[in-house]
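Below is one structure, written out as structure tokens, with a few remarks after it.
Since this is a predicted model, take the numbers as computed values, not measurements.
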Amino acid sequence: MLRIHFTSKDLARVTLGYNSSLPVSEAVMSLQALRRGSGPKFSAWRHHLAGKQLPARVSLLGSLVPASGWAPDFLTPGPEHASPITGAFDVIRATPRRRLSAELRRLSSHHRLPAWTHLLADGDREALDTVTDTLAAYYDVAVTPYSDRMRAVLDADHAWRVHTMARLGVGAVLAGLHPQVRWEEPVLELAGFAGQGQVDFHLEGRGLLLSAHIFCGSRPRALLNEVGTPVLVYAPVWNLQSDSLVAAPTDTQPRASTALAALLGRTRAAALEALASPAGHNTKQLAERLAISPASASEHVAALRAAGLVTSLRHANMVRHTATTLGKNLISTAT
């Protein structure tokens, strides 16, 4: 069991992570999901990826990223440099030799590493550049084409957590991260996440960043060390209403010419505008806002979803509808 200890200062510094561009850690976690190769959750994503040309040296990443468990932290830069836009790959390229050596030594205690990783552990710049270039190329294939669908899920989860924090406080957010997470102020307990025995980690005023990741897996991951911001990565509660969380890549979505045909009529346009809010609406809320019947609201949502303008996300018995990037772009173009 892992026990994370909070002070009052830490509780005031609990934040909900959000990046406009998906972090590089999604690529690292997706590689683990790809290597595990089982379960229905990402089956359509794996099937689509099988038809793509993966980077020639992707096996190098496989040597560093096990199918489950810990992967070297230098491959997943901190929140201030998490995404390609904020320079994540430059940060990886600049990883100091001391850190490379320490993290590869830790990895080797659990997995046998190939001979070439000795060069990496010694700080060889060419080896580090090769790993970084391969990870960047893999990110472009495995994450970028699916970013709109993934972003829709993360947006909905972020809105839900913000709403929960505003109404019920930070404790309710911490307690709702996972069924095996227990919040007993001032300690957050993660049962079964730290192997055998009990591990206690004191935040000591640094706070905690809560970061939703699509490929996190079913259990939260604690990224804790003595420097930087402690991070707790968790899976979003929302799921796309489809056979897979990332069933359709961004580049296959319909364009505005198709969408305009689906938007004839003021009511449907009003529905799209209403669903462009960050939190979206469920069918009943949308019906009340537009002063129409739930059945009519459901028909409008179905048409908008078929046009690629709306995404429907499910959590337990609740379905929430939000506008996609294409839908929001269409609204922006029309106004």
Side-chain angles (χ1 to χ4, degrees), residues 1-5 23-36 55-84 87-139 142 190 192-204 206 208-209 211 213 215-217 219-233:
M1 175 183 291
L2 172 63
R3 302 175 81 244
I4 303 176
H5 296 255
V24 172
S25 50
E26 286 286 14
V28 174
M29 294 179 189
S30 80
L31 185 60
Q32 291 185 311
L34 186 63
R35 294 193 64 193
R36 288 193 297 270
R57 296 182 176 180
V58 73
S59 60
L60 295 179
L61 300 180
S63 301
L64 300 175
V65 181
S68 60
W70 181 80
D73 290 335
F74 78 87
L75 294 174
T76 56
E80 67 276 15
H81 297 292
S83 73
F89 295 117
D90 291 335
V91 172
I92 295 173
R93 257 181 243 283
T95 304
R97 174 183 175 181
R98 186 175 181 179
R99 182 175 182 181
L100 290 169
S101 178
E103 294 190 4
L104 289 174
R105 191 183 315 117
R106 176 182 173 182
L107 185 64
S108 67
S109 67
H110 299 283
H111 305 279
R112 185 174 181 178
L113 300 181
W116 71 267
T117 59
H118 295 304
L119 290 173
L120 189 61
D122 287 339
D124 184 89
R125 291 296 105 183
E126 184 177 349
L128 185 55
D129 282 344
T130 299
V131 169
T132 306
D133 291 342
T134 304
L135 182 58
Y138 175 78
Y139 181 96
L190 289 79
F193 294 105
Q196 300 298 319
Q198 179 177 301
V199 175
D200 288 273
F201 185 87
H202 294 263
L203 295 174
E204 299 180 337
R206 289 186 291 158
L208 183 67
L209 173 66
S211 182
H213 279 53
F215 291 103
C216 168
R219 292 181 172 182
R221 303 185 184 193
L223 309 178
L224 309 174
N225 52 53
E226 301 307 321
V227 297
T229 303
V231 180
L232 189 62
V233 176

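In this structure the side chain of L135 never reaches within 4.5 angstrom of the side chain of L60, judged on heavy atoms. Side-chain atoms of L120 and L128, non-hydrogen and from C-beta on, do get closer than 4.5 Å to each other. Considering only heavy atoms from C-beta on, L34 comes within 4.5 Å of Y138 through its side chain. For the pair L31 and V28, the minimum side-chain heavy-atom distance is 4.5 Å or more. Residues V131 and L75 meet the side-chain proximity criterion, which asks for heavy atoms closer than 4.5 Å. Side-chain contact between S25 and H213 is present, with at least one heavy-atom pair separated by less than 4.5 Å. Within the 4.5 Å cutoff, side-chain heavy atoms of I92 are placed close to those of P77. The side-chain heavy atoms of L2 and L224, taken from C-beta on, include a pair separated by under 4.5 Å.
Note on residues 100-112: pairs passing salt bridge (charged side-chain N to carboxylate O under 4.0 Å, His left out), not counting sequence neighbours, are R99-E103.
Contact record, V24 with P84: CG2-CD, 4.1 Å, taken as the closest heavy-atom pair.
If you take CG on L64 and CG on L113, they are separated by 7.5 Å, rounding to the nearest 0.5 Å. In this structure, F201 CZ and R3 CZ are separated by 14.5 Å, a value rounded to the nearest 0.5 Å. To the nearest 0.5 Å, the span separating CG on D90 from NE2 on H81 amounts to 9.5 Å. To the nearest 0.5 Å, the span separating NE2 on H118 from OG on S108 amounts to 8.5 Å. Summarising the geometry, atom CG belonging to L232 is positioned 5.5 Å from atom CG belonging to L190; distances are rounded to the nearest 0.5 Å. Separation of atoms CG (D133) and CZ (R57) is listed at 9.0 Å; rounding is to 0.5 Å.
Of the possible polar contacts, one joining the R36 side chain to the A67 backbone as a donor-acceptor pair under 3.5 Å is found. At least one donor-acceptor pair under 3.5 Å links the side chain of Q32 to the backbone N or O of G69.
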Practice problem: Evaluate side chain to side chain contact (heavy atoms under 4.5 Å, CB included) for R206 paired with T229, printing each intermediate quantity in order. | Solution: CA-CA 6 Å; R206 289 186 291 158; T229 303; over 6 Å; no
Quiz item: Taking it one step at a time, do H111 and V65 satisfy side chain to side chain contact (heavy atoms under 4.5 Å, CB included)?
Solution: CA-CA 10 Å; H111 305 279; V65 181; over 6 Å; no
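Classified by interplanar angle (parallel below 30°, tilted 30° to 60°, perpendicular above 60°), the ring pair Y139/F89 is perpendicular.
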